[in-house]
Amino acid sequence: MPDRRFRRADLAIPADELAPRLLGCSLVRTFADGTVLRGVIVEVEAYLGPADQASHARDGRRSPRNESMYARPGTAYVYFTYGMHHCMNIVCAEEGLPHAVLIRALAPADGIDRMRALRTGDKPRKRPLADRDLCSGPGKLCQAMAIDRSLDRADLLNSTKLALLPPHPGDAPGRSARTPRIGLGECGAWAERRLRWVVADSAYVSTRQGLPRAEKR
DNA sequence: GCACCGATCGCCT
DNA sequence: GGCGATCGGTGCT
């Protein structure tokens, strides 16, 4: 059976509509040697276009760095930040309107040992990284999946290297919770809007910030 | 040209 | 909980 993919039209919707639907979907990284890494999306944030003061595209900003935000829905937007980390977004809404969903955490599913090797690199460690430390943050998951600027502008609906797949039929993603987005500076009311969605009971989220205490584990 | 800072992480106290 | 790492993007002089 050929792998299932989204249709372009499925992603041609605003980021705050797409984001919750991405919980439970898989992000799949395939290497030239056939190695496959897969994680299930458990945490996302929506960035809502030119008006969104937390977005790289705020006030219509457009540059070589964020050009892919203006591309077709289904395009990957990968950027470099803090001098050492990459973060990955799924571009959505109509082409030319810079909406995107930041992938903040994955539950590792396939290729876990390879992810661990990618995360650990050459650094000697007393204990191997725990599974919950592999993809529990936007920078971590890019390191674990070998996602960098070379995958910026990749088409997640057709790329052989990086793909977005819908949940397996019958997969229950679990209860989701909404919170404000993480790590924003002064963005006025935009910092307060609840544009982050997390699988509330997942052990693989980046932080429990904003989640009800009763859901802490 | 140059100074500031970031959609983060890991290590330290 | 705090802070340094590390460097490209951005905006101002």
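These numbers come from the heavy atoms of this one structure, side chains and all, not from hydrogens, waters or symmetry mates. Chain letters run A, B, ... following the sequence lines, proteins first and then strands; every chain starts at 1. The model shown is predicted, which means the values in this text are computed figures rather than measured ones.
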Item to check | Check: A/Val78 main-chain N/O paired with A/Asp152 side-chain donor or acceptor under 3.5 Å | outcome: yes

Checklist entry - If we take the P atom in both C/dT6 and B/dC2, what is their distance in whole Å? => result 23 Å

Identify all side-chain donor-acceptor contacts of residues 32-45 of chain A below 3.5 Å with residues at least two apart in sequence or on another chain.
{"unit_1": "A/Asp33", "atom_1": "OD1", "unit_2": "A/Thr35", "atom_2": "N", "d": "2.8"}
{"unit_1": "A/Asp33", "atom_1": "OD1", "unit_2": "A/Thr35", "atom_2": "OG1", "d": "2.7"}
{"unit_1": "A/Asp33", "atom_1": "OD2", "unit_2": "A/Thr35", "atom_2": "OG1", "d": "3.2"}
{"unit_1": "A/Arg38", "atom_1": "NE", "unit_2": "A/Asp110", "atom_2": "OD2", "d": "2.8"}
{"unit_1": "A/Arg38", "atom_1": "NH1", "unit_2": "A/Ser26", "atom_2": "OG", "d": "2.9"}
{"unit_1": "A/Glu43", "atom_1": "OE1", "unit_2": "A/Ser206", "atom_2": "N", "d": "2.7"}
{"unit_1": "A/Glu43", "atom_1": "OE1", "unit_2": "A/Ser206", "atom_2": "OG", "d": "3.1"}
{"unit_1": "A/Glu43", "atom_1": "OE2", "unit_2": "A/Arg104", "atom_2": "NE", "d": "2.7"}
{"unit_1": "A/Glu43", "atom_1": "OE2", "unit_2": "A/Arg196", "atom_2": "NE", "d": "3.0"}
{"unit_1": "A/Glu43", "atom_1": "OE2", "unit_2": "A/Arg196", "atom_2": "NH2", "d": "3.3"}
{"unit_1": "A/Glu43", "atom_1": "OE2", "unit_2": "A/Ser206", "atom_2": "OG", "d": "2.7"}
{"unit_1": "A/Glu45", "atom_1": "OE1", "unit_2": "A/Tyr47", "atom_2": "OH", "d": "2.7"}
{"unit_1": "A/Glu45", "atom_1": "OE2", "unit_2": "A/Ile182", "atom_2": "N", "d": "2.8"}

Next on the checklist: Check this for me, if you would: do A/Asp52 and A/Arg193 make a salt bridge, where the nitrogen-to-carboxylate-oxygen distance has to be below 4.0 angstrom?
Outcome noted: no

Checklist entry - Between the side chain of A/Arg29 and the main-chain N/O of A/Met145, is any donor-acceptor distance below 3.5 Å? => result yes

Next on the checklist: Tell me whether A/Asp155 is salt-bridged to A/Arg5, with the criterion being a basic N under 4.0 Å from an acidic carboxylate O.
Outcome noted: no

Item to check | Distance under 6.0 Å and angle within 45° of ring axis: A/Arg62 vs A/Tyr70 | outcome: yes

Item to check | Bracket notation of DNA chain B in which parentheses pair within the strand, [ ] cross earlier pairs, and | pairs with another strand (Watson-Crick or G-U, under 3.5 Å) | outcome: ||||||.|||||.

Checklist entry - Would you call the rings of A/Phe80 and A/His86 parallel, tilted or perpendicular, where under 30° means parallel and over 60° means perpendicular? => result tilted

Next on the checklist: So if I define the base as every atom that isn't primed, P, OP1 or OP2, how would nucleotides 1-13 of chain B read as a B/S/- string at a heavy-atom cutoff under 4.0 Å?
Outcome noted: -----BBBSS---

Checklist entry - Between A/Asn66 (CG) and C/dG8 (P), how many Å, whole number? => result 17 Å

Checklist entry - In whole angstrom, what separates A/Glu67's CD from C/dG9's C1'? => result 15 Å

Item to check | Distance under 6.0 Å and angle within 45° of ring axis: A/Arg114 vs A/Phe31 | outcome: yes

